[in-house]
2 protein chains.
Amino acid sequence: MLEPGDIYFREGESSPRLAYIKEGLIRSYHVNEKGMETTVLLRWEEQIVASYDSILMQRPSRFTYHALEKTTLLEVNYDLIQQLLETKPEFEKARYHFVLDMLAQSLERIESFVLLTPEERYLQLIKDKPDLLQRVSDKHLATLLGITPVSLSRIRKRIAGKHPR
Amino acid sequence: MLEPGDIYFREGESSPRLAYIKEGLIRSYHVNEKGMETTVLLRWEEQIVASYDSILMQRPSRFTYHALEKTTLLEVNYDLIQQLLETKPEFEKARYHFVLDMLAQSLERIESFVLLTPEERYLQLIKDKPDLLQRVSDKHLATLLGITPVSLSRIRKRIAGKHPR
DNA sequence: GAGCGGCGTTAACAAAAGATAATTAACGCG
DNA sequence: CGCGTTAATTATCTTTTGTTAACGCCGCTC
């Protein structure tokens with residue numbers, strides 16, 4: 001159970017935590033040398049959240065994960081899952097499914113960077129997950145799209161001009 | 001076995017083919033309405049190549065996959081793998097490992113789009129996989145990085161100015 | 001209700017990238 | 001050897017984005 005602003009996973013940490021998000025929204029971000037924050041990932045209800053640095057790469061997390069909303073998590077220890085799988089191989093399929101699902105999402109996001117302009121990327125985002133507009137501030141969305149908040153504001157204006165209400 | 005230029009998987013196709021690349025290089029690309037080609041993915045020796053549209057999303061591939069070099073493939077039918085797993089669950093781990101590995105690579109690539117400038121992205125690419133410079137034309141690399149060939153040429157020039165050999 | 005901080009917008013300028021076209025170099029082929 | 005093709009570079013111009021700073025708005029706190 002997290003309140004808005006609570007940190008789930010801190011940069012530099014290295015522990016095999018993993019959780020299913022029952023309700024709420026987690027944001028993963030990175031802070032560069034100049035102190036600028038960049039949103040790297042958003043994870044919401046019915047998704048899995050974990051530090052992939054820790055779990056996939058066996059290294060300390062380069063990102064901090066914190067809640068943007070009141071968030072309910074079902075937390076499990078990844079090492080326990082591994083052990084569980086030794087005895088109950090039937091869970092293997094579920095684990096595989098989750099990873100496959102996340103891979104599919106990741107590949108779609110890569111495509112959006114390669115094939116679309118920032119403006120198209122924004123339009124796709126609000127089409128795919130319109131509630132994010134209400135739930136996440138523009139500056140977080142902007143960096144998630146790989147642009148600056150100022151640029152996102154201009155894009156919004158351009159779009160408004162094209163589709164007058 | 002593929003010769004340079006040979007197509008492994010055609011856009012619109014939908015079959016559960018999957019192959020381990022023993023040697024060589026496969027490029028996946030997309031052609032937009034204006035006839036412009038964009039490189040979406042490169043896969044090389046010791047990696048797995050498959051149409052993720054077909055395998056992950058159960059839909060026709062939006063991309064064409066073709067060999068850039070003489071390429072040796074060990075091809076398997078994905079449906080056969082699924083059946084094999086029914087009887088030999090010990091392969092499950094291997095399959096999971098491959099997907100996890102590809103997920104890790106995908107997440108790294110997403111990061112590079114969110115956190116790096118095109119120039120930094122290019123520098124990272126030639127650092128991580130320098131032989132690609134010899135093996136893949138600049139225009140293919142450019143679109144892989146999400147920029148145009150003209151822009152990549154300018155980036156190269158900028159870099160040369162900064163590090164006069 | 002005055003002060004404060006964060007956010008989105010806007011402005012002004014600089015830097016980078018896109019679009020298009022011309023030039024050059026390299027290569028294969030008849 | 002000349003021809004055609006393609007890739008990379010360069011030039012020019014336009015568009016977009018980044019950067020920095022200012023402004024107004026809103027919610028919060030004291």
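Chain A is the first sequence line, chain B the second, and so forth, proteins listed ahead of strands; every chain is numbered from 1.
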Peer 1: Within the structure shown, what part of the strands sits under 4.0 Å from A:Pro149 by heavy-atom distance: base, sugar-phosphate, or nothing?
Peer 2: nothing
Peer 1: Between B:Glu11 and B:Arg62, is there a salt bridge with N-O shorter than 4.0 Å?
Peer 2: no
Peer 1: What's the closest nucleotide to the A:Ser153 side chain, out of C:dA19, D:dG18, C:dT9?
Peer 2: C:dT9
Peer 1: Give A:Arg154 one of three labels, base, sugar-phosphate or nothing, depending on what nucleic acid heavy atoms sit under 4.0 Å from its own.
Peer 2: base
Peer 1: Any side-chain N or O of B:Arg156 below 4.0 angstrom from OP1/OP2 of D:dA8?
Peer 2: no
Peer 1: Examine the side chains of A:Thr39 and A:Thr143 and answer whether a donor and an acceptor come within less than 3.5 Å of each other.
Peer 2: yes
Peer 1: Could you state the atom-to-atom distance from CZ of A:Arg121 to P of D:dT16 in whole Å?
Peer 2: 14 Å
Peer 1: In whole Å, I'd like the distance from the CD atom of A:Glu37 to the P atom of C:dG6.
Peer 2: 12 Å
Peer 1: Is it the case that the ring center of B:His66 lies less than 6.0 angstrom away from the ring center of B:Tyr29?
Peer 2: yes
Peer 1: Rounding to an integer number of Å, can you tell me how far B:Ile159 CD1 sits from C:dA17 P?
Peer 2: 10 Å
Peer 1: Going by the rule side-chain contact (heavy atoms from CB on, under 4.5 Å), which residues pair with B:Val150 if we only count those two or more places apart in sequence or in a different chain?
Peer 2: B:Thr148, B:Arg154
Peer 1: Return the value, rounded to whole Å, for the distance between atom NZ of B:Lys34 and atom C1' of C:dT20.
Peer 2: 13 Å
Peer 1: Atom OH of A:Tyr122 and atom P of D:dT17: how far apart are they, to the nearest Å?
Peer 2: 13 Å
Peer 1: Check each of B:Leu145, B:Leu144, B:Val114 against B:Arg109 using the side-chain contact (heavy atoms from CB on, under 4.5 Å) test, and report the only one that passes.
Peer 2: B:Leu144
Peer 1: Please tell me which of the listed nucleotides, C:dA19, C:dA17, C:dA11, lies nearest to the side chain of B:Val150?
Peer 2: C:dA19
Peer 1: State which of C:dA11, D:dT16, C:dT9 makes the closest approach to the side chain of A:Arg158.
Peer 2: D:dT16
Peer 1: Write down the distance between CE (A:Met36) and P (C:dG6), rounded to a whole number of angstrom.
Peer 2: 14 Å
Peer 1: Would you please name every residue forming a salt bridge (charged side-chain N to carboxylate O under 4.0 Å, His left out) with A:Arg135, sequence neighbours left out?
Peer 2: A:Glu45, A:Glu69, A:Asp131
Peer 1: Atom CG of A:Leu152 and atom P of D:dG18: how far apart are they, to the nearest Å?
Peer 2: 10 Å
Peer 1: Can you see whether B:Tyr8 has B:Arg17 sitting over its ring - NZ or CZ less than 6.0 Å from the centre and within 45° of the normal?
Peer 2: yes
Peer 1: Using a heavy-atom distance cut-off of less than 4.0 Å, which residues of residues 136-148 of chain A contact DNA chain C?
Peer 2: A:Ser137, A:Asp138, A:Lys139
Peer 1: Given atom CD of A:Glu120 and atom P of D:dT16, what is their separation to the nearest angstrom?
Peer 2: 12 Å
